[in-house]
Amino acid sequence: MMMRIVGVLFALALGGFAGAQTLDIYVIDVEGGNATLFVTPAHDSLLIDTGNAGAVASVRDAGRILQAMKDAGVEQIDHLIITHWHGDHFGGLAELASKTTIKEFIDHGPNVQPGELADNFLKTTYPGLYAKAKHTVAKPGDKILMPGLDVRVVASAGETIKTPLPGAGKANPYCANYKPGDNNAEDPQSVGIHVAFGKFRTVHLGDLTKNKEFELMCPTNRIGTVDVLLGLHHGQSSSNSEVAVHAMHPRVAIMNDGTRKGGEPDVMKTVHSSPGLEDLWQLHFSLLSGQEYSVPGMFIANPIDEQQAAMPIAPLAAPPPGPGAPPAPVHNGTAYWIKVSAKQDGSFTVTNSRNGFSKTYR
Ligand SMILES: [Zn+2]
Ligand SMILES: [Zn+2]
């Protein structure tokens, strides 16, 4: 407790000195999984997801989250959202919980896609993790209380908000051309949140699929417009309809893709044709983009361990799911985040921690 108070005082002193009263968002590289950390000016923290499962991956990904926490000057997680019960989202949780205090665990409720990894975790590990903390099953419309921020659950357990957020609710012109997509059982259950900080707006919808995007965004756009669109379901084509991406009119999108996961051509076309988009930032060079569809390297945070001189121009077709595919290039070495620092006036700066490249959106 004392450490935390000293930490907060130190952070406040630093903040006062620098005049920085920003909401900081760390989009952390967890190899095509998700881990996104929000830190308020008062140093309250919200983490969305914990990276991958596995002996090597969970330690690697929890370690990368702890690094971001250290950079942000936070020593505990005040609120943790596990968007859904896939291993690339909850996989690093037990490891992370062994290294730091998590005060509140938020999820959508039971797993609906039977699988050994998630079912065992929920039966034997998860209850012990939240036993001494708060456990919340999120419902659309719920608020997550964080002083200085307005954090609203907009989707959970397959349900979406029925009433528009303040200022939203206009007819969505993209609904007319909507085409349904594929989904598994758990992605559509994702907990999705909308965050407002002064005039700044951002949204993270977990791995919510196109069919749920349609329910959330049609016939009226209940989210409104955002400054930053976070996640994009790793840049995969089962999500990212124009109904969602174009209607939310993001200035910046930040994709949590992997070395061979997401960033495929149809998603890149949708994102790059989104009205008002200024830049797409990516956690990884993805073989599924090739140079043809990739953004310039300065907007990409991470290479692979055995980096080749150049990425092929043509995008690689996604290998069929299942154990037959060759393994994706690994990245277990030093990882870099993409950091957003947002101000109350709605302006924000995005920084690539690999190369230091930074851009301010006024
Ligand atoms: Zn990586
Ligand atoms: Zn995922």
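Note that these values count all heavy atoms, side chains included, but never hydrogens, waters or copies made by symmetry. As the structure lists them, so they are numbered: ligands from 1, and atoms in each ligand from 1. Counting from 1, the numbers follow the sequence of the chain as shown.
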With carbon and hydrogen excluded and only N/O/S kept, which atom of [X] is nearest the Zn ion (ligand 2)?
X: D88; result: OD2
X: H234; result: NE2
X: H89; result: NE2
X: D207; result: OD2

Which of the N/O/S atoms in D29 sits closest to the Zn ion (ligand 1)?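 In D29, the N, O or S atom with the shortest distance to the Zn ion (ligand 1) is OD2.
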
Return the name of the atom in E31, of element N, O or S, nearest to the Zn ion (ligand 1).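 Result: OE2.
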
With D49 as reference, evaluate N34, N256, T36 under the side-chain hydrogen bond (donor to acceptor under 3.5 Å, both in side chains) test and give the passing residue.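 By the side-chain hydrogen bond (donor to acceptor under 3.5 Å, both in side chains) criterion, D49 pairs with just one of N34, N256, T36: N34.
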
One thing to verify: whether K210 and E213 come together as a salt bridge, which I'm taking to mean a side-chain N less than 4.0 angstrom from a carboxylate O.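 The answer is no: the pair does not qualify as a salt bridge.
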
Does the side chain of [X] pick up a donor-acceptor pair with the side chain of [Y] at under 3.5 Å?
X: S358; Y: T351; value: yes
X: T360; Y: T349; value: yes
X: D107; Y: H84; value: no
X: Y361; Y: D227; value: no

Have a look at the Zn ion (ligand 1) and estimate, to 10 degrees, the angle subtended by ND1 (H331) and NE2 (H284).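 Output for this angle: 120°, rounded to tens.
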
